[in-house]
Number of protein chains: 2
Amino acid sequence: MDYSIKQISEKTNLKAHVLRYYEKEGLLPFINRSASGIRRYSESDLEWLGLICCLKNTGMSIKQIKDFVELSMRGGETLKQRCDMLIEHQKNVESQIAEMQKHLQKVAHKIKYFTAQYEKYLADKS
Amino acid sequence: MDYSIKQISEKTNLKAHVLRYYEKEGLLPFINRSASGIRRYSESDLEWLGLICCLKNTGMSIKQIKDFVELSMRGGETLKQRCDMLIEHQKNVESQIAEMQKHLQKVAHKIKYFTAQYEKYLADKS
DNA sequence: GTAAACCTTAACGTTAACTTTAGGTCAATA
DNA sequence: TATTGACCTAAAGTTAACGTTAAGGTTTAC
């Protein structure tokens, strides 16, 4: 009940060399190998990858994800720290979104302005 | 009634070297110079910088902003194109935000999960 | 047995948006 | 007039997160 790197690549949409790269960077320090050294991903590895992608997708850097993974490897005593880290991250992303929405309002305003200009231009031409 | 690069730097929160960089990249093809070659920014240059920052803040690339500026330099005949470009950009940003919010929900879910784990850990310890 | 998939290390290439450096010139002031 | 701080240019350096290529080797599936 385990997966090859290719299968995982398909399931996660991460190319094989990216999976190896993530492993090298310390994001996946728990992948088992077959006797001959071939990576064998378990169901729980796949779940981990889910979390990693989730953090990546919300803009967390590889380095920070690595820190998170390292905490996880230290067991239950770091659970509080990890919760805090995720909550902090959540806050950051939320405020980024809020910022973006604020800036977006300015864009909307500019669009109004340009649209008016365009209408004036059309009127002047006729 | 014009400004030095330092004054503009303070007004826009863009460092002087960034202003020069933007100019080199074609984002500001209209800045006047003194006889000795020193940049003199006008009030309207400052307004342009406002629009440029607005686009930057919403994630538009330097290259795209350059394209927008180039259209602008061609005058009224490109107004429609520019409107369309801004509207397209607005849509992109909105869908980016939506995506982000979707991913954020997953993070929230993970937080719930980790918090539960943490409470269980505390209960087991006592 | 052979072809496809996997492994490693290592190094070079890429992109965006700066940032820094080096070596000057210019302007305000004491 | 000397000095200091602001300005100029061109070009190289930086960072993150990969992407690419190479070179050489092992393993697995049919």
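As the structure is a prediction and not an experimental result, all values here were calculated from the model. In what follows, chains are A, B, ... by sequence order, proteins preceding strands, each numbered from 1.
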Fill in: N32(A) side chain reached by D2(A) side chain, heavy atoms, under 4.5 Å
no
Worksheet item: Where along residues 31-41 of chain A does a heavy atom fall under 4.0 Å from DNA chain D?
Response: S36(A), I38(A)
Worksheet item: Are I111(A) and I87(B) close enough that some pair of their side-chain heavy atoms sits under 4.5 Å apart?
Response: yes
Item to complete: Give the rounded distance in Å between these two atoms: NZ of K15(B) and P of dT14(D).
Response: 18 Å
Discussion item. Under 4.0 Å, heavy atom to any atom of DNA chain D: which of residues 45-59 of chain B qualify?
Written reply: none
Response to the item:
CD of Q81(A) to CZ of R74(A), rounded to nearest 0.5 Å, is 6.0 Å
Discussion item. For F114(B), give me all partners under ring pair (Phe, Tyr, Trp, His ring centres under 6.0 Å), at least two apart in sequence or on another chain.
Written reply: F68(A)
Worksheet entry | ring pair (Phe, Tyr, Trp, His ring centres under 6.0 Å) against F30(A), all qualifying residues, sequence neighbours excluded | W48(A)
Using atom types as modelled, flag every donor-acceptor pair under 3.5 Å from a side chain in residues 11-19 of chain B to any protein atom, sequence neighbours excluded.
| unit_1 | atom_1 | unit_2 | atom_2 | d |
| --- | --- | --- | --- | --- |
| T12(B) | OG1 | I8(B) | O | 2.8 |
| T12(B) | OG1 | L14(B) | N | 3.2 |

Item to complete: Name all pairs fulfilling the side-chain hydrogen bond (donor to acceptor under 3.5 Å, both in side chains) condition that reach into residues 96-117 of chain B, sequence neighbours left out, sorted by first residue then second.
Response: E99(B)-K102(B), E99(B)-H103(B)
Discussion item. Is any side-chain heavy atom of S4(A) closer than 4.5 Å to one of R40(A)?
Written reply: yes
Worksheet, complete the sentence: Its 5'-most and 3'-most nucleotides having an atom under 4.0 Å from a non-hydrogen atom of chain A, DNA chain C is contacted over dA5(C) to dT8(C)
Worksheet item: Taking the side chain as C-beta and beyond, is there a heavy-atom pair between P29(B) and V69(B) under 4.5 Å?
Response: yes
Worksheet item: Would a 4.5 Å heavy-atom cut-off, applied to side chains only, mark R82(A) and Y118(B) as touching?
Response: no
Worksheet item: How many angstroms lie between CD1 in I52(A) and CG in L46(A), if you round to the nearest 0.5 Å?
Response: 11.0 Å
Worksheet item: Ion pair present between K120(A) and D124(A), side-chain N to carboxylate O less than 4.0 angstrom?
Response: no
Discussion item. Here's a test for you: under side chain to side chain donor-acceptor pair (under 3.5 Å), which of E94(B), H89(B), Q90(B) qualifies with T58(B)?
Written reply: H89(B)
Worksheet item: Who pairs with Y41(B) by side-chain hydrogen bond (donor to acceptor under 3.5 Å, both in side chains), at least two apart in sequence or on another chain?
Response: none
Discussion item. Rounded at 0.5 Å granularity, tell me how far CD in E77(B) sits from NZ in K125(A).
Written reply: 9.0 Å
Let me have the donor-acceptor pairs involving side chains of residues 20-28 of chain A, under 3.5 Å, with sequence neighbours excluded, atom names and distances please.
| unit_1 | atom_1 | unit_2 | atom_2 | d |
| --- | --- | --- | --- | --- |
| E23(A) | OE1 | R39(A) | NE | 2.7 |
| E23(A) | OE2 | R33(A) | NH2 | 3.1 |

Worksheet entry | Interface residues of residues 21-29 of chain B with DNA chain C (non-hydrogen, below 4.0 angstrom) | Y21(B), Y22(B)
Practice prompt. Go through residues 85-96 of chain B and report each residue with a non-hydrogen atom lying under 4.0 Å from DNA chain D, sorted by number.
Written response: none
Item to complete: Kindly state which residues belonging to residues 3-14 of chain B come within less than 4.0 angstrom of DNA chain C, counting heavy atoms of the residue only, listed by number.
Response: none
Worksheet item: If we only count heavy atoms from C-beta on, is the D45(B) to L49(B) side-chain gap below 4.5 Å?
Response: no
